[in-house]
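Worksheet: the structure to be examined is printed underneath.
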Amino acid sequence: VRLTNLRTPCAVIDLGRLERNARSMTERVHRLGASLRPHVKTHKCVEVAAFSTLPYDHSPSALGETKYGPITVSTMAEACHFASHGFSDITWAQPINPHRIEEAFVLMSQVERFNLLVDSHAATDALEAYAQRTGQGYAVYLKVDVGYGRAGVDPHSKMAIELARRLHASPSADFRGVLTHAGHAYACRSREEILEVAAQERDELVGFADRLRACGVEVLEVSLGSTPTMAVADDLTGVTEVRPGNYLFFDRFQALIGACTNQDIAFSVLTTVIGSYPDRKSLVLDAGALALSKDPGASHVDPDCGFGLLSTVDGARLLPDLNLVSLSQEHGQVAVGDSLDPADFPVGTQLRIFPNHSCLTAAKYDRYYALRGELIVGAWRTARGW
Ligand SMILES: Cc1ncc(COP(=O)(O)O)c(C=O)c1O
């Protein structure tokens with residue numbers, strides 16, 4: 001099947017770019033002395049995860065003895081999906097929901113390792129109560145906030161030390177260590193700014209781990225990472241593992257903040273022009289909010305970034321003068337800039353859209369088409385739901 005034979009809108013992965021992104025992150029992280037536990041929430045897809053969790057040597061002899069490396073998930077649905085496909089070392093990187101402890105413990109008994117996260121005494125109470133009732137142990141990280149302000153304990157608070165001590169002392173808990181995600185890196189405007197956040201993320205978390213060790217708390221893992229910080233980090237001293245996820249696909253947001261270039265973006269949506277209006281200098285595409293998500297993108301860097309970057313169908317020529325200015329449910333509206341003529345994009349023309357936020361866009365699709373050259377070489381299913 002050729003790319004141009006696909007029904008639109010649909011999700012397309014450029015395999016050459018995917019391989020390059022996977023390889024360059026793995027090499028960087030290993031060079032800096034940490035291990036990689038990639039986040040699979042971006043793609044929720046076993047075939048994509050294989051690129052970041054298997055050795056590059058895909059020869060049958062190498063594959064015969066290897067198994068998938070560790071991964072990070074954001075939902076129980078992802079955890080169960082990947083566990084059922086042979087992934088055996090999984091961290092659920094969201095503070096545990098007390099109502100889902102039972103499911104989590106069931107999965108824990110089925111895989112080699114299923115790590116949970118807490119950032120409160122309340123969630124720890126629920127875990128401890130369940131563990132005591134069933135006689136089962138659990139592996140757990142303490143979630144730390146190093147500046148994002150979303151979830152996690154304040155590493156400078158008394159409560160953070162107390163909670164770590166409690167987990168370390170619990171006979172039911174296998175306290176793994178500390179974990180953070182520097183989501184505030186997404187507010188950066190350049191590679192230099194991201195480098196500063198990467199250093200701050202590392203210093204805060206490693207400093208906290210050292211303070212815990214000084215009070216006798218054993219900290220095995222110091223786990224951090226977002227795609228922007230890990231795409232630029234040059235020093236991971238004291239860090240044991242990193243968990244970027246978006247880097248396999250990248251997107252327009254990452255390119256605008258300086259975490260990648262437009263030529264690194266491996267994920268795109270194939271779309272068709274269904275309206276061409278020379279008088280209004282506009283086009284209408286068959287990809288709307290349900291095919292792309294309404295993520296506003298890095299508008300702090302480029303207020304006119306629209307809802308994605310368009311290119312010719314082969315992805316070879318970017319078309320920044322086609323600005324995807326508005327989305328309704330199933331329509332995308334494009335303003336055609338001065339350098340282009342809508343008549344050159346008649347109804348039926350196929351285009352590619354590199355979306356603002358590949359994680360949110362990818363989650364709209366139940367399969368991805370894997371593209372090599374002009375040919376579709378796979379249709380890969382994804383996990384759905386929670
Ligand atoms: C806890 C956690 N770890 C890792 C990641 C991966 O970061 P990124 O999406 O920047 O690759 C995320 C993303 O939201 C996350 O929430």
Side-chain angles (χ1 to χ4, degrees), residues 18 21-22 24-26 28-29 34-45 48-49 51-53 70-76 78-79 82 90-97 115-119 123 140-153 176-188 191 193-195 197-198 201-202 204-205 221-233 236 239-260 264-267 293 295 297-298 355-363 386:
L18 180 69
N21 296 342
S24 88
M25 182 61 80
T26 303
R28 165 186 289 275
V29 170
S35 66
L36 183 61
R37 182 185 281 279
H39 208 314
V40 300
K41 77 182 183 67
T42 302
H43 50 80
K44 304 171 188 274
C45 174
V48 176
F51 283 82
S52 58
T53 55
I71 54 167
T72 308
V73 300
S74 58
T75 65
M76 257 323 273
E78 287 166 20
F82 282 88
I90 302 173
T91 295
W92 184 8
Q94 190 181 50
I96 183 75
N97 169 353
N115 301 310
L116 304 178
L117 245 68
V118 291
D119 67 356
V140 68
Y141 282 85
L142 178 59
K143 169 88 199 235
V144 180
D145 179 14
V146 296
Y148 187 21
R150 182 179 66 178
V153 295
R176 304 302 305 164
V178 292
L179 179 151
T180 196
H181 166 64
H184 52 304
Y186 283 89
C188 291
R191 193 184 163 87
E193 281 185 24
I194 303 172
L195 254 178
V197 175
E201 175 187 34
R202 178 201 62 219
E204 278 287 351
L205 197 65
E221 299 285 358
V222 178
S223 172
L224 53 70
S226 65
T227 285
T229 54
M230 292 307 101
V232 307
L236 291 174
V239 173
T240 63
E241 73 169 20
V242 303
R243 311 177 322 280
N246 176 281
Y247 74 97
L248 285 175
F249 285 172
F250 282 124
D251 52 33
R252 177 84 171 123
F253 198 122
Q254 303 280 359
L256 281 174
I257 65 172
C260 70
D264 296 323
I265 306 174
F267 179 88
S293 96
D295 194 299
N356 281 342
H357 188 171
S358 60
C359 311
L360 291 190
T361 306
W386 290 265

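Atoms within each ligand, like the ligands themselves, are counted from 1 in listed order.
- Between S74 and Q94, the side chains place no donor N or O within less than 3.5 Å of an acceptor N or O (distance only, hydrogens not considered).
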L236 and M230: CA distance, side-chain angles, deciding distance, side-chain contact (heavy atoms from CB on, under 4.5 Å) verdict: CA-CA 9 Å; L236 291 174; M230 292 307 101; 4.0 Å; yes
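- Applying the side-chain hydrogen bond (donor to acceptor under 3.5 Å, both in side chains) test to N356 and every residue at least two apart in sequence or in another chain returns nothing.
- Remark: E241 pairs with R37 by the salt bridge (Lys or Arg N to Asp or Glu O under 4.0 Å) rule, at least two apart or across chains.
- The side-chain heavy atoms of K41 and C359, taken from C-beta on, include a pair separated by under 4.5 Å.
- Scored by the ring pair (Phe, Tyr, Trp, His ring centres under 6.0 Å) test, F253 finds Y186, H300 as partners (sequence neighbours excluded).
- Using a heavy-atom distance under 4.0 Å as the criterion, the protein contacts of ligand 1 are H39, K41, A93, R150, H181, Y186, G225, S226, T227, P228, R243, P244, G245, N246.
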